[in-house]
Amino acid sequence: MLTALKSLFGRNRKDDADHSPFVRELRAIVGAQHVLTDPSRTLPFRRGFRFGLGKALAVVHPGSLVEQWRVVQACIKADKIVLMQAANTGITGGSTPDGNDYDRDIVIISGMRLKKIFVIGGGKQVICLPGATLDQLERTLAPLGREPHSVIGSSCIGAAVFGGVSNNSGGALVQRGPAFTQMSIFAQADAQGTLHLVNHLGVELGMGPEEILGALDRGQVPESRINWHAGKGHDDNYATHVRDVDADTPARYNADPARLFEGAGCAGRMALFAVRLDTFPAERNPSVFYIGTNNPDELEEIRRHILTSFSELPIAGEYIHRDAFDIAEEYGKDTFLIIRAIGTRRLPMLFALKNRIDRLTERVPFLPGNMSDRLLQAFSRLFPRHLPRRMYEYRDRFEHHLMLKVSAHLASEARTFLDGFCAKSGTRYFACTPDEGARAFLHRFAAAGAAIRYRSTHHRTVEDIVALDVALRRNDRQWSETLPSDLDRRLIVKLYYGHFLCHVMHQDYIVRKGNPCPPIEAEMLALLDRRGARYPAEHNYGHLYAAPPSLQAHYRELDPCNCFNPGIGKTTKRRNWKAESVA
């Protein structure tokens, strides 16, 4: 018990006692306190937000880009696997080890000490380093009247900018498409295992790797050294692309070759050091309309009309099913209340405290598991109902809910359309007050974490979660899923929510105890294949999905020695892409 308490409230001097020459080299580069080897301390970095757990020789926290370069160099020279990690908020295990069947030691390099953001072009673009978060970027741009590509995460909160770019994350903002850039600085290892730094940032920073990275560490990016025609900083064709509602393909999905370019969609198959991204004018005084219906066909008609007939695209169109509404209302309540009270800025600190509490419970045999989740769930029950009255009324009346956010000058057009549509259908809507609109969207964003909380607090009845990230065809009118009865009876509840105008759906299935998840997932994916859907849509393949041959070829081109994040997309984990197992 005493050892566990020391682990929670202070560093155990016996922790991280690995004195191998390689680990000593890492400590010499970044400092001993920034190299973790004790399994209890590396656990938060080895275990994914939803999925994924494996061994790692060390977790390293560089304090500068030059240190990161030296750490990557040392790892490649010592024949170690490099796993680049940002905020570790992904849901497919793509930034953590998966199992222990690797043929080399793994070193996790966390970029979260590298949080710098450099604003260029008067705020029209930014250069972000590995630890910069969406929340930090949003706060940086707000005084300039600008916004980043994505705001608060749709499936997790506290996400890093690099995670979005590396994983083609789409986000909730309809006009902007998946996170994308053609401008970055990255390191690759060639087939012979030689590391190379590539500067495609469009900024003159010097000649050698350490000169380039040192200049960027110091923020030496004068406008005179910037090439303003170096490449795209976002997918500027998406707004036209998503409007084609009769196309027989999805609007966005991870394996789309049009949105794979070096760091964009790299899935950790290289070491990213900096990305350059476009920003966007902030919308002032937007309007939110809360739409409810019991007929999914009517919701699809609304979607098609908005995309084909509105004079401009809405800001967002977020869907949530009644069952997901209920789960989020109960099991996402603490997330909702904490963000309302303190915002997202302090969430990383709270997540760190949560991880430390979990480390304690795992070391003390008589304490129940998932203690932090149990405490937070108990905490949330002390508070009254937290959603607006009109949302509860719509929950009782309607199965399907859509939150439509539009700019101030599109509000009248949207209201006129909704008035006419509701007059001849069973669909209804209300115009939200600013507070109602903010609460509605935050409730929607709490849904994904609520599924995890449900699993943690009902471990006796829940086998696990099958979480699918689905891109439906743009012309698919039958978007609402009906499962075969044999499959449905193995589930406790189905949670549907997503970016409805883009036809990107997050589908979480909470599985009854005693029903293995892999066969259920295989049946789900077979159903999606028959519907012409693509998956994953925006959270990357991780260790859950098998990458198609074209994407595997892309990974091999980025990483010919299979040194960076091997196994992604269920590819081989072996050195140089060898398929045979290790004896």
Side-chain angles (χ1 to χ4, degrees), residues 43-44 47-53 89-93 155-157 320-339 350-351 353-355 357-387 392 395 399 442-469 481 483 485-498 505-521 523-524 544:
L43 181 60
R47 180 166 59 193
F49 177 67
R50 275 196 184 180
F51 176 86
L53 176 65
T89 58
I91 68 172
T92 60
S155 294
C156 53
I157 297 167
I320 188 168
H321 185 271
R322 175 190 282 156
D323 291 340
F325 183 110
D326 291 345
I327 295 294
E329 196 274 340
E330 182 172 358
Y331 296 95
K333 186 176 182 179
D334 59 292
T335 298
F336 181 102
L337 294 173
I338 290 170
I339 293 176
L350 295 179
F351 284 141
L353 177 61
K354 182 179 183 296
N355 284 330
I357 292 172
D358 287 337
R359 282 171 49 202
L360 170 63
T361 61
E362 289 169 2
R363 290 187 172 199
V364 181
F366 59 82
L367 290 178
N370 303 309
M371 178 61 78
S372 63
D373 284 306
R374 293 169 183 266
L375 292 173
L376 288 169
Q377 192 59 33
F379 162 80
S380 70
R381 294 193 179 104
L382 301 176
F383 292 84
R385 300 178 94 181
H386 57 289
L387 299 178
Y392 285 116
R395 180 264 167 227
E399 181 180 1
L442 183 52
H443 177 62
R444 152 64 187 92
F445 293 140
I452 301 170
R453 172 66 52 76
Y454 186 98
R455 177 183 64 183
S456 299
T457 55
H458 294 81
H459 61 278
R460 290 187 177 89
T461 58
V462 174
E463 182 71 20
D464 207 340
I465 299 172
V466 172
L468 301 182
D469 171 30
E481 181 179 69
L483 295 176
S485 57
D486 177 65
L487 186 55
D488 194 59
R489 66 177 176 79
R490 287 177 272 170
L491 308 175
I492 296 174
V493 67
K494 306 178 291 290
L495 307 180
Y496 298 102
Y497 52 96
M505 301 296 293
H506 303 303
Q507 303 179 176
D508 296 343
Y509 307 93
I510 300 177
V511 180
R512 294 186 188 280
K513 198 75 170 180
N515 294 282
C517 290
I520 292 176
E521 182 178 3
E523 291 181 50
M524 298 283 190
L544 289 181

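Side-chain atoms are counted along with the backbone in the values below, which use heavy atoms only and exclude waters and symmetry mates.
The OH atom of Tyr497 sits 10.0 Å away from atom CE of Met505, with the distance rounded to the nearest 0.5 Å. Expressed to the nearest 0.5 Å, how far CD1 of Ile327 lies from CD1 of Ile510 amounts to 5.5 Å. Between Gln507 atom CD and Leu483 atom CG the span is 8.5 Å, to the nearest 0.5 Å. Between atom CG of residue Leu376 and atom OG1 of residue Thr335 there is a gap of 7.5 Å, rounded to the nearest 0.5 Å. Considering CG of Asp373 and CG of Asp334, their distance stands at 8.0 Å, rounded to 0.5 Å. A distance of 8.0 Å separates NE2 of His458 from CD1 of Ile492, quoted to the nearest 0.5 Å.
In terms of heavy-atom proximity, Glu329 sits nearest to His386 at O-CE1, 3.2 Å. Here the closest non-hydrogen pair linking Val466 and Cys517 is CG2-CB, 3.9 Å. When all heavy atoms of Ala446 and Gly332 are compared, the closest pair comes out as CB-O, 3.9 Å. Between Ala450 and Ala328, the shortest heavy-atom contact is CB-CA, 3.7 Å. Taking each heavy atom of His321 and Asp323 in turn, the nearest pair found is ND1-N, 3.0 Å. Closest heavy-atom contact between Ala447 and Ile320: CB-CD1, 4.3 Å.
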Exercise for the section: Determine, step by step, whether Ile520 and Val511 satisfy the side-chain contact (heavy atoms from CB on, under 4.5 Å) criterion, reporting the C-alpha distance in whole Å, the side-chain angles of both residues, the deciding distance to 0.1 Å, and the verdict. Expected result: CA-CA 9 Å; Ile520 292 176; Val511 180; 3.5 Å; yes

Handout entry: Worked check of side-chain contact (heavy atoms from CB on, under 4.5 Å) between Leu495 and Ile465
Key = CA-CA 10 Å; Leu495 307 180; Ile465 299 172; over 6 Å; no

Practice task
Report the C-alpha separation of Phe445 and Ile339 in whole Å, then their side-chain angles, then the decisive distance to 0.1 Å, and conclude whether the side-chain contact (heavy atoms from CB on, under 4.5 Å) test is met.
Solution key: CA-CA 11 Å; Phe445 293 140; Ile339 293 176; over 6 Å; no

Practice task
Begin with the C-alpha distance, continue with both residues' side-chain angles, and end with the deciding distance and a verdict on side-chain contact (heavy atoms from CB on, under 4.5 Å) for Leu387 and Phe325.
Solution key: CA-CA 11 Å; Leu387 299 178; Phe325 183 110; 3.7 Å; yes

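Contact of the Tyr331 side chain with the Ile452 side chain is not registered, since no non-hydrogen atoms from C-beta on lie closer than 4.5 Å. A 4.5 Å side-chain heavy-atom check between Leu53 and Leu43 finds at least one atom pair inside the cut-off. Between Tyr509 and Leu487, every side-chain heavy-atom pair lies at or beyond the 4.5 Å cut-off. Glu330 places a side-chain heavy atom less than 4.5 Å from the side chain of Arg381.
At least one donor-acceptor pair under 3.5 Å links the side chain of Arg512 to the backbone N or O of Arg489. Between the Glu463 side chain and the Pro516 main chain, no donor and acceptor come within less than 3.5 Å of each other. Lys333 places no side-chain N or O within donor-acceptor distance of the main-chain N or O of Gln377, the cut-off being under 3.5 Å.
Under the salt bridge (Lys or Arg N to Asp or Glu O under 4.0 Å) criterion, Asp464 pairs with Arg455, not counting sequence neighbours. Every side-chain hydrogen bond (donor to acceptor under 3.5 Å, both in side chains) that Asp488 has, sequence neighbours left out, goes to Lys494.
Applying side chain to side chain donor-acceptor pair (under 3.5 Å) to Tyr496 and the options Glu481, Arg322, His506 leaves one that passes, Glu481.
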